[in-house]
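Reading through the structure tokens given below for one structure.
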Amino acid sequence: MWTSADIPDQNGKNVIVTGANTGIGYETALALYLAGANVTLACRDQGKAEQAVARMKEQSGPGSLEIGVLDLADLDSVRLFAETYLRQHTQLDVLVNNAAVGTPPAAKTPQSWEYTFGVNFLGPFALTGRLYPLLEATRGSRVVTVTSFGYVVGAIDFDNLKSERDYDAVREYGQNKLADLMFTIELDRRVRAQGHQVTSIAAQPGANSTEITRHSTPEAVAAMKERFNGFMEPWQGALPSLYAAVSGDAKAGNLYEPHENGFKGYPAKADIQPVALDEAVAKKLWDVAEEATGIAFPA
Ligand SMILES: NC(=O)c1ccc[n+]([C@@H]2O[C@H](COP(=O)([O-])OP(=O)(O)OC[C@H]3O[C@@H](n4cnc5c(N)ncnc54)[C@H](OP(=O)(O)O)[C@@H]3O)[C@@H](O)[C@H]2O)c1
């Protein structure tokens with residue numbers, strides 16, 4: 001059973017956690033701070049990030065905390081965040097692509113993409129791409145991208161990425177958590193093809209009590225809770241991300257998840273389902289993302 005007590009000393013490591021003001025991102029950032037890392041909370045709301053930092057500092061960790069404003073919906077915000085980070089840091093050991101929206105009302109990003117596709121996939125793609133030179137320059141660096149057990153019901157609908165046809169919140173969530181897992185695996189393939197050293201790993205937290213359900217009805221949340229026989233607390237849901245971020249046993253291209261059917265428990269290697277292993281779809285998705293963001297990597 002792997003827990004946060006197994007995190008090696010992170011002193012001297014630079015880490016970015018997106019969406020670190022609450023839920024699984026908060027617990028991921030906190031555990032790395034308590035292990036000695038310099039952690040940047042990459043959040044869209046400066047006030048919420050400041051409150052999170054204040055709460056973390058109450059525990060007087062040996063690490064240090066920074067805040068960077070990042071709205072993953074907006075590719076200009078991603079560029080500004082990355083430019084600032086690259087100006088101010090000379091290494092990046094771990095990027096945790098944690099932030100996501102659950103099932104929001106229909107909306108578009110400033111660049112006219114369907115909002116969930118923008119926040120949950122295009123934004124993390126652009127962020128990883130812009131930070132990639134620093135990741136590649138940092139020995140032993142990792143990119144951890146957070147997906148969901150819901151990826152198995154996802155499908156990439158290339159004809160509806162701007163909601164050209166219609167919008168279904170649950171469907172978009174599944175699609176984009178699948179996209180996150182395909183991104184992780186495709187990034188690993190491309191890194192190896194280049195002879196680079198960055199490690200790309202996926203994690204999924206299982207079923208946890210967080211704000212991801214903020215747009216769901218109380219009835220829908222109650223039904224989910226019953227289905228999973230209760231939710232885990234976010235500190236436990238953060239363990240697969242933490243394992244992927246720091247464990248010497250975590251391997252590139254793998255997915256780590258709670259050991260009880262992927263819903264509950266402690267980090268274990270998952271069997272990735274065939275839907276996420278379709279190389280043709282992954283390559284097409286990568287091409288779409290490169291064109292949408294204007295960022296081609298790894299190079
Ligand atoms: N909870 C679960 O049971 C569960 C299950 C499977 C997968 N996951 C995955 O776990 C990860 C963390 O989710 P969570 O459960 O901790 O959810 P959460 O409590 O809702 O936290 C989501 C985080 O993402 C941030 N975020 C949302 N939109 C953003 C944007 N446009 N730009 C930057 N940050 C943004 C939120 O910021 P604000 O607070 O400002 O909105 C918040 O910090 C997600 O990738 C999610 O898909 C969770």
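Reckoned from all heavy atoms, side chains included, excluding hydrogens, waters and symmetry mates. For the single chain, residues carry numbers from 1 onward in sequence order. Each ligand, and each atom within it, is numbered from 1 in the order the structure gives.
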(request) Go through the steps for Thr138 and Asp93 under the test side-chain hydrogen bond (donor to acceptor under 3.5 Å, both in side chains), then give the verdict. (result) CA-CA 6 Å; Thr138 306; Asp93 298 276; 5.5 Å; no

Check ligand 1 against [X] and write out every atom of the ligand that is under 4.0 Å from a heavy-atom position of the residue.
| X | answer |
| --- | --- |
| Ala99 | 24 (O), 25 (C), 26 (N), 34 (N), 35 (C) |
| Ala207 | 3 (O) |
| Gly23 | 16 (O), 19 (O) |
| Val119 | 28 (N), 29 (C), 30 (C), 31 (N) |
| Lys177 | 44 (C), 45 (O), 46 (C), 47 (O) |
| Val146 | 9 (C), 10 (O), 11 (C), 45 (O) |
| Leu70 | 32 (N), 33 (C) |
| Gly19 | 23 (C), 24 (O), 25 (C), 43 (O) |

(message) Can you confirm if the aromatic rings of Trp235 and Tyr26 lie within a centre distance of less than 6.0 Å?
(response) no

(request) Name the orientation class of the two ring planes belonging to Tyr85 and Phe81 (parallel below 30°, tilted from 30 to 60°, perpendicular beyond 60°). (result)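 Taking Phe81 first and then Tyr85, their aromatic rings lie parallel (interplane angle under 30°).
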
I'd like the name of whichever of [options] reaches closest to [atom] through any heavy atom.
| atom | options | answer |
| --- | --- | --- |
| atom 11 (C) of ligand 1 | Val96, Leu127, Asn98, Ile24 | Asn98 |
| atom 24 (O) of ligand 1 | Ala73, Ser148, Ala100, Ala29 | Ala100 |
| atom 14 (P) of ligand 1 | Thr213, Thr210, Val101 | Thr210 |

(request) Decide whether an N or O pair under 3.5 Å exists between Ile212 and ligand 1. (result)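 Ile212 vs ligand 1: N/O contact under 3.5 Å present.
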
(message) Can you confirm, on distance only, whether ligand 1 has an N/O atom lying under 3.5 Å from any N/O atom belonging to Gly206?
(response)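 Checking ligand 1 against Gly206, an N or O pair does fall under 3.5 Å apart.
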
Would [X] count as a contact residue for ligand 1, given that I'm defining contact as a non-hydrogen atom of the residue lying under 4.0 Å from a ligand atom?
| X | result |
| --- | --- |
| Arg214 | yes |
| Tyr173 | yes |
| Gly237 | no |
| Thr147 | yes |

(message) Can you confirm whether the side chains of Asn208 and Gln236 place a donor and an acceptor under 3.5 Å from each other?
(response)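 Absent: no donor and acceptor within the cut-off.
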
(message) Within the structure provided, determine whether Lys13 and Val94 are in side-chain contact (heavy-atom separation under 4.5 Å).
(response) no

(request) Would you mind checking if Lys283 and Glu279 are paired as a salt bridge, meaning a charged N to carboxylate O distance below 4.0 Å? (result) no

(message) With a sphere of 6.0 Å drawn around CD of Gln88, does it hold more than 12 non-hydrogen atoms of other residues, nucleotides or ligands?
(response)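 Above 12, so yes.
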
(request) Looking only at non-hydrogen atoms, find the nearest pair between Asn38 and Ser64 and report the distance. (result) ND2-OG, 2.8 Å

